[in-house]
Amino acid sequence: MKIATYNINGINARLPVLLRWLAEESPDVVCLQELKSPQERFPLKEINAIGYHAVWHGQKSWNGVAVLSKYEIEEISRALPGDAEDVQSRYLEVMIQQVAICCLYLPNGNPFPGPKFEYKLTWIERLAKRAKTLLSMDIPAILIGDFNIIPTEMDTYKPEKYVDDALFRKEVKEAFSQLLEAGWQDAIRQLFPDQQVYTFWDYFRQAYSRNAGLRIDHILLSPSIQNRLIEGGIDRHVRGWEKSSDHAPTWIRLRNSSNNG
DNA sequence: ATGGCCACCGAGGGTGGA
C-alpha cells in the first residue's frame with residue numbers, strides 16, 4: 001500500500017497537477033492539506049472519475065484537509081480533540097485497510113512570538129495527546145501531513161536563517177522529538193538517514209532551482225506498523241511542474257499485513 | 001535588511017503562507 005501526503009496549496013488551482021500526479025504515481029492513499037476550498041467546492045467528480053474515494057473537511061479561504069483512497073474510507077473524526085472552540089480544518093482521522101490514518105495540517109505558527117505561535121504549541125499538545133491514545137490502542141497508525149516542523153538542522157538548507165522561525169523554534173523541535181521518543185518513527189528519515197531531503201521549496205528567489213528547501217511534511221509510523229515499511233520518497237520533480245504547489249508529494253510503501261506483497 | 005511569489009476573496013488590495 002502506497003501512502004502519500006501532499007500539501008496541495010489550493011485544490012482547485014492545482015487540480016490539473018494533482019490529477020496528473022495521481023495518474024502517474026497511482027498512490028493508494030493520499031492525504032491532502034491546504035485545500036483552500038469551502039466544503040461544497042471540493043472537486044469530487046474529477047477525483048471519483050479516476051478511481052478514488054474521498055473524505056474531506058473544507059473551509060472557506062484557508063486550511064482544509066482531505067483523504068483520497070482507492071480503498072474504502074471509514075471516517076473516524078474531523079476534529080483534533082481538546083478544543084471545541086477550534087474551527088480551523090486541520091485534522092482528519094480515518095481508517096483504511098485496518099490502518100488509522102491521521103491527516104494533519106499543523107499550524108505554521110509565525111510570527112514568533114505571538115498568538116499564532118501559542119496556537120501552534122497548543123495544537124501540538126493536543127496532537128501529542130491523541131498520538132498517545134493511538135499508541136495505547138496498539139493498532140497500526142500513521143500521523144501524516146504538513147507538520148510545519150523542521151525537525152533538525154539537517155532538514156533545512158540554512159539553519160541560521162530559521163533560529164527564531166516558528167518552524168524551527170526549540171519548543172517545536174522538542175515536541176517533534178518527543179513524538180519519536182514515544183515510539184513514533186519518522187519514516188522518511190528512517191529511509192534516508194544521512195541525506196538532506198526536502199519536501200518544500202519557497203516560491204521566492206528560485207528556491208526550487210537552488211534547492212533551498214525544507215523538510216516539513218512527515219510520515220510517522222506507530223510501532224505496530226514499522227516492520228511493514230518497504231520504501232519511500234519525495235516526488236520532487238512535481239514541484240517543478242507548471243502551477244505546482246510549493247510542497248512536493250511525500251510517500252511511503254507498506255507491505256500488506258496479510259502477506260509479503 | 002528587505003522583498004521576492006502565489007493563493008485566497010472579491011472587485012482592490014488585504015491576508016496568509018513558511
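By convention in this document, chain letters (A, B, ...) are assigned in the order of the sequence lines, proteins followed by strands, and residues within each chain are numbered from 1.
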* Asked: OP1, OP2 of B:dA18 versus side-chain N and O of A:Tyr105: anything below 4.0 Å?
  -> yes
* Asked: Cationic tip of A:Arg169 within the cone over A:Phe112's six-membered ring, i.e. under 6.0 Å and within 45° of the normal?
  -> yes
* To do: Using atom types as modelled and distance alone, determine if a side-chain donor or acceptor of A:Thr5 lies under 3.5 Å from a backbone N or O of A:Ile144.
  => no
Determine all donor-acceptor pairs shorter than 3.5 Å in which one atom belongs to a side chain in residues 8-16 of chain A; sequence neighbours excluded.
residue	atom	partner	partner atom	Å
A:Asn9	OD1	A:Lys36	NZ	2.9
A:Asn9	ND2	A:Tyr203	OH	3.2
A:Asn9	ND2	A:Asp246	OD1	3.4
A:Asn12	ND2	A:Arg41	O	3.2
A:Arg14	NE	A:Ile8	O	3.3
A:Arg14	NE	A:Asn9	O	3.2
A:Arg14	NH1	A:Lys243	O	3.0
A:Arg14	NH1	A:Ser244	O	3.2
A:Arg14	NH2	A:Tyr203	OH	2.7

* Using a strict cut-off of less than 4.0 Å between a Lys/Arg side-chain nitrogen and an Asp/Glu carboxylate oxygen, indicate whether A:Glu25 and A:Lys2 qualify as a salt bridge. => yes
* Those residues of residues 146-172 of chain A lying under 4.0 Å from DNA chain B by at least one heavy atom -> A:Asp146, A:Asn148, A:Leu167
* Which ring-ring contact (aromatic ring centres under 6.0 Å, His included) pairs, counting each pair once, include a residue from residues 23-51 of chain A, with sequence neighbours left out? -> A:Phe42-A:Trp56
* Where along residues 204-212 of chain A does a heavy atom come under 4.0 Å from DNA chain B, residue by residue in number order? -> A:Phe204, A:Arg205
* Contact under 4.0 Å: A:His247 side-chain N or O vs B:dG17 OP1/OP2 -> no
* Asked: Counting just side-chain N and O atoms, does A:Asn110 come under 4.0 Å of either OP1 or OP2 of B:dA18?
  -> no
* Asked: Got a sec, which pairs hit salt bridge (Lys or Arg N to Asp or Glu O under 4.0 Å) with one end in residues 217-232 of chain A, sequence neighbours left out?
  -> A:Glu231-A:Arg253
* Mind checking A:Asn63 for me? I need base, sugar-phosphate or nothing, with any heavy atom below 4.0 Å counting as a touch. => nothing
* Structure fact -> Quick tally for nucleotides 8-16 of chain B: nucleotides whose base has a protein heavy atom under 4.0 Å get B, sugar-phosphate-only ones S, the rest -, giving BSS----BB
* Asked: Salt-bridged, A:Arg130 to A:Glu93, with N to O below 4.0 Å?
  -> yes
